[in-house]
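Working notes for the structure below.
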Amino acid sequence: MRVFSPQERFAASELARADHYFFSRWLFLQRKGYAWQRARHHKLICDALMRVYRGECKRLIINIPPRYSKTELAVINWIAWCFGQVPDAEFIHTSYSSQLAVNNSATIRALVQHEAYTEIFPEVALSGEAAHHWKTTKGGVMYATGTGGTITGFGAGKHREGFGGAIVIDDPHKADEARSDVIRASVIEWFRTTLESRKNSPDTPIIVIMQRLHEEDLAGWLLAGGNGEQWEHLCLPVWNEDDTPLWPEKHSAEELQRMEMASPYVFAGQYRQRPAPPDGGLFKPDRIQIVDALPSGRITWARGWDFASTTDGDWTAGVKVGKTDDNRFVIANVKRIRVGPDERDATLKSTAVADGRLTKQSIPQDPGQAGKTQVLYLTRMLAGYTVHSSPETGDKVTRAEPAAAQVNVGNVLMVRDDEGDRWNEPFLNELRIFPNGSYDDQVDGFSRAFAQLIAPARSFFG
């Protein structure tokens with residue numbers, strides 16, 4: 001590493017004291033012995049964090065691909081730099097793993113003790129050595145814990161004018177658990193009921209840095225107004241708007257294309273910051289041909305139903321699908337409602353009447369005696385029509401795969417909707433984001449109808 005003169009070190013220290021971006025570059029050089037391989041997004045992150053420090057932004061979400069310097073810049077360097085500016089600042093740092101959060105805390109502590117840091121901020125000294133909870137001699141606090149952990153007795157920020165600390169959340173979701181509705185919801189509930197209440201002042205900033213993993217991950221929930229606040233959003237997809245790589249030294253265009261082809265689900269969320277591939281994941285809905293009229297010849301029809309499990313947000317959907325004599329498939333109609341059981345049953349009956357007696361109505365059977373009772377009631381209600389019922393087996397993705405295979409080879413048509421019943425676009429959008437979307441009722445209905453059409457003839461009865 002080049003040897004700097006005292007004058008150069010003094011100038012560098014002054015610049016690092018004034019600016020987080022320069023601080024990150026200088027400390028990297030001093031600690032590692034070689035220059036930081038900078039990219040455009042690094043300065044964008046630092047600029048956003050400077051706005052937080054200056055009080056211009058109280059709520060910040062940064063969405064960025066993994067291994068793109070987010071933790072070093074937005075957690076380790078920024079918190080260390082802020083302690084230099086405000087030695088009595090109080091921080092709470094969380095991550096999906098308690099060990100990761102504690103490791104970050106220990107790294108910040110080590111950075112604050114580095115001789116290059118001391119040159120910049122000689123007034124900062126530590127009074128505690130614990131990895132997860134340490135203090136400065138000026139009363140500053142650093143507390144680290146995992147998502148879901150207890151934070152009793154600790155707060156972030158100061159109840160006064162100016163910057164006094166922050167809550168910094170880095171990857172609140174574990175990637176391989178983000179598809180679990182229960183685990184994902186528990187993270188959001190912990191944020192809502194525990195972490196938010198740890199602000200010592202309403203003005204205490206909250207920063208969320210994460211890769212997108214699901215439409216309803218913490219970032220998605222917050223951006224949709226989940227906690228009722230407006231959030232500044234710095235979204236950094238791996239592709240720039242001109243289709244060049246965000247960090248070409250890290251990933252070339254060819255490498256990114258290979259990664260996206262190999263794992264479209266992962267790439268959509270973690271790298272594009274859009275938790276759904278642009279042309280669909282399991283389904284490639286752009287390969288569905290929209291037609292103005294049904295194909296000629298004989299068509300065998302089935303409508304698959306998916307019933308809402310609750311009445312306060314879920315949908316009931318019935319998808320009518322036909323199979324032609326030349327083994328093509330056509331989606332003729334989607335009925336989708338959000339109503340109570342009585343109106344749902346009335347819609348089921350009126351839809352069956354409109355479909356005609358040659359359209360098989362396939363309904364799911366919930367487990368247990370209640371499911372059997374419901375099926376018996378609906379079958380009697382639809383007397384005179386061909387009704388098929390069966391329990392759902394396997395996971396949703398597995399059930400959807402046979403239908404997706406036909407969609408993806410261009411063997412599925414869809415009748416164009418009309419102004420009075422716009423169902424094409426909602427159906428295609430749900431296919432596009434499945435299984436990472438908020439709803440899958442239309443996909444479930446489509447999968448059920450398709451399964452009836454490809455099953456042996458005897459399975460339609462009984």
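No hydrogens, no waters, no symmetry mates; every other heavy atom, side chains included, goes into these values. For reference, positions follow the sequence shown, starting with 1.
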Fill in: side-chain contact (heavy atoms from CB on, under 4.5 Å) against Arg67, all qualifying residues, sequence neighbours excluded
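Listed in chain order: Lys250.
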Measure from the side-chain N and O atoms of [X] to the backbone N and O of [Y], and report whether any donor-acceptor pair falls under 3.5 Å.
X	Y	answer
Asp19	Leu15	no
Arg184	Ala178	yes
Thr194	Phe191	no
Gln273	Gln270	yes
Asp217	His214	yes
Arg336	Trp315	no
Ser95	Leu100	no
Trp81	Ala16	yes
Arg212	Arg274	no
Thr150	Thr152	no

May I ask you to test the [X]-[Y] pair for a side-chain heavy-atom distance under 4.5 Å?
X	Y	value
Trp26	Arg9	yes
Leu223	His233	yes
Gln211	Asn63	no
Asp441	Thr316	no
Leu73	Cys46	yes
Trp423	Ile331	yes
Asn424	Arg416	yes
Val415	Val330	yes

Got a salt bridge between [X] and [Y], using NZ or NE/NH1/NH2 to carboxylate O under 4.0 Å?
X	Y	result
Arg432	Asp286	yes
Glu260	Arg272	yes
Arg51	Glu232	yes

To check you understand the geometry: which heavy-atom pair defines the closest contact between [X] and [Y], and what is its length?
X	Y	value
Thr137	Leu126	CG2-O, 3.8 Å
Ile92	Gly155	CD1-C, 3.8 Å
Pro122	Glu119	CD-O, 4.0 Å
Ser69	His42	OG-NE2, 3.0 Å
Gln113	Thr118	O-OG1, 4.3 Å
Ser105	Trp134	OG-NE1, 2.9 Å

Worksheet item: So Lys199 and Lys58, side chain to side chain contact (heavy atoms under 4.5 Å, CB included) or not? Walk me through it.
Response: CA-CA 12 Å; Lys199 305 189 303 292; Lys58 301 296 185 184; over 6 Å; no
If you draw a 6.0 Å radius around [atom1] in [X], do more than 12 non-hydrogen atoms from other residues or ligands fall strictly inside?
X	atom1	value
Glu343	CD	no
Glu249	CD	yes
Glu161	CD	no
Glu123	CD	yes
His159	NE2	no

Practice prompt. For Ile45 and Leu236, run side chain to side chain contact (heavy atoms under 4.5 Å, CB included): C-alpha distance rounded to whole Å, both residues' side-chain angles, the deciding distance at 0.1 Å, then the answer.
Written response: CA-CA 9 Å; Ile45 293 172; Leu236 297 167; 3.8 Å; yes
Discussion item. Under the rule for salt bridge (charged side-chain N to carboxylate O under 4.0 Å, His left out), what residues qualify as partners of Arg192, not counting sequence neighbours?
Written reply: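 For Arg192, the residues satisfying salt bridge (charged side-chain N to carboxylate O under 4.0 Å, His left out) (neighbours in sequence not counted) are Glu189.
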[X] vs [Y] aromatic rings, parallel, tilted or perpendicular, using cut-offs 30° and 60°?
X	Y	answer
Tyr68	His41	tilted
Tyr53	Phe163	tilted
Phe28	Tyr34	perpendicular
Tyr117	Phe121	tilted
Phe283	Phe434	perpendicular

Worksheet item: Could you walk me through whether Thr204 and Asn200 pass the side-chain hydrogen bond (donor to acceptor under 3.5 Å, both in side chains) check?
Response: CA-CA 7 Å; Thr204 296; Asn200 287 331; over 6 Å; no
Item to complete: Take Asn227 and Arg59, measure what side-chain hydrogen bond (donor to acceptor under 3.5 Å, both in side chains) needs, and give me the verdict at the end.
Response: CA-CA 11 Å; Asn227 76 332; Arg59 301 291 181 266; over 6 Å; no
Worksheet entry | His173 and Tyr96: CA distance, side-chain angles, deciding distance, side chain to side chain contact (heavy atoms under 4.5 Å, CB included) verdict | CA-CA 5 Å; His173 301 279; Tyr96 72 83; 5.7 Å; no
Worksheet entry | Working for side chain to side chain contact (heavy atoms under 4.5 Å, CB included), residues Phe267 and Gln257 | CA-CA 10 Å; Phe267 197 91; Gln257 290 164 358; over 6 Å; no
Can you measure from [atom1] ([X]) to [atom2] ([Y]) and round to the nearest 0.5 angstrom?
X	Y	atom1	atom2	value
Arg399	Asp440	CZ	CG	8.5 Å
Met210	Lys70	CE	NZ	9.0 Å
Leu431	Lys284	CG	NZ	12.0 Å
Ile151	Ile167	CD1	CD1	7.0 Å

Any donor-acceptor pair under 3.5 Å linking the side-chain atoms of [Y] with those of [X]?
X	Y	value
His93	Asp170	no
Glu430	Gln442	yes
Trp190	Thr147	no

Which pairs would a plain distance check flag for residues 443-451, meaning a side-chain donor or acceptor within less than 3.5 Å of a matching protein atom at least two apart in sequence or in another chain?
from   : atom 1 : to     : atom 2 : distance (Å)
Asp444 : OD2    : Lys396 : NZ     : 2.6
Ser447 : OG     : Val443 : O      : 2.9
Arg448 : NH1    : Ser362 : OG     : 3.0
Arg448 : NH1    : Ile363 : O      : 3.2
Arg448 : NH1    : Ser390 : OG     : 3.2
Arg448 : NH2    : Ser390 : O      : 2.9
Arg448 : NH2    : Ser390 : OG     : 3.3
Arg448 : NH2    : Glu392 : OE1    : 3.4

